[in-house]
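Notes to accompany the following structure.
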Amino acid sequence: MDNAKQDALASYRGRWRDFVAAGTTSDWQSPKLGRYATGIALTNMSRALYADHYNGLVTKGEPT
C-alpha cells in the first residue's frame with residue numbers, strides 16, 4: 001500500500017476514533033474532533049454530537 005493511501009486510511013480511522021470517543025459523553029466541543037476533520041466534516045460531527053447532547057443521548061460501541 002502506498003504512503004498516500006496509508007495516510008488517508010489513518011486519518012479516516014482517526015477521525016472516527018475521535019468521534020466515537022467524544023460520543024461517549026456527547027462532547028460536541030471536544031478539541032480532538034479537529035485533529036482529523038475540518039470545515040464541513042468538523043461542523044457535521046459537532047452538530048451531531050450537540051444534537052445528542054441536547055437530547056440526552058450518548059454513543060455506545062464502535063463502528064465496524
Side-chain angles (χ1 to χ4, degrees):
M1 186 178 328
D2 62 38
N3 285 342
K5 188 173 183 178
Q6 288 177 343
D7 290 346
L9 284 173
S11 178
Y12 179 79
R13 290 176 179 142
R15 182 178 75 167
W16 282 109
R17 188 173 43 252
D18 290 346
F19 182 74
V20 168
T24 62
T25 60
S26 296
D27 183 5
W28 58 279
Q29 296 177 317
S30 172
K32 292 182 180 180
L33 294 175
R35 291 196 301 182
Y36 299 102
T38 60
I40 293 172
L42 179 57
T43 298
N44 288 343
M45 291 192 318
S46 294
R47 284 182 178 175
L49 289 169
Y50 179 78
D52 286 351
H53 169 80
Y54 182 82
N55 291 301
L57 304 172
V58 295
T59 300
K60 294 182 179 183
E62 296 184 16
T64 56

*Under the side chain to side chain donor-acceptor pair (under 3.5 Å) rule, collect the residues that match up with Y12, sequence neighbours excluded.*
W16

*asked:* Below 30° counts as parallel, above 60° as perpendicular, anything between as tilted: where do the rings of W28 and H53 land?
replied: tilted

*Backbone N/O of Q29 and side chain of D27: donor-acceptor pair under 3.5 Å*: yes

*How long is the span from the OG1 atom in T38 to the CZ atom in R15, to the nearest 0.5 Å?*
9.5 Å

*Examine distances only and state if a side-chain atom of S11 and a backbone atom of D7 form a donor-acceptor pair shorter than 3.5 Å.*
no

*Are any of the side-chain heavy atoms of Q6 and D2 separated by less than 4.5 Å?*
no

*For residues V20 and G61, report the shortest heavy-atom separation together with the two atoms involved.*
CG1-O, 3.4 Å

*Side chains of V58 and D52: does their closest heavy-atom pair fall under 4.5 Å?*
no

_So for atom CZ, which belongs to R35, do other residues, nucleotides or ligands contribute more than 12 heavy atoms lying within a distance under 6.0 Å?_
yes

*Taking C-beta and beyond as the side chain, do L33 and S46 meet within less than 4.5 Å on heavy atoms?*
yes

*For the side chain of T24 and the backbone of T59, is there at least one donor-acceptor N/O pair under 3.5 Å apart?*
no

_I need the minimum non-hydrogen distance between G23 and L49, along with the two atoms involved._
CA-CD2, 3.6 Å

*Would Y50 and M45 show up in the same hydrophobic cluster when neighbours are defined by side-chain heavy atoms closer than 4.5 Å?*
yes

*For R17, which residues count as a side chain to side chain donor-acceptor pair (under 3.5 Å) partner, sequence neighbours excluded?*
none

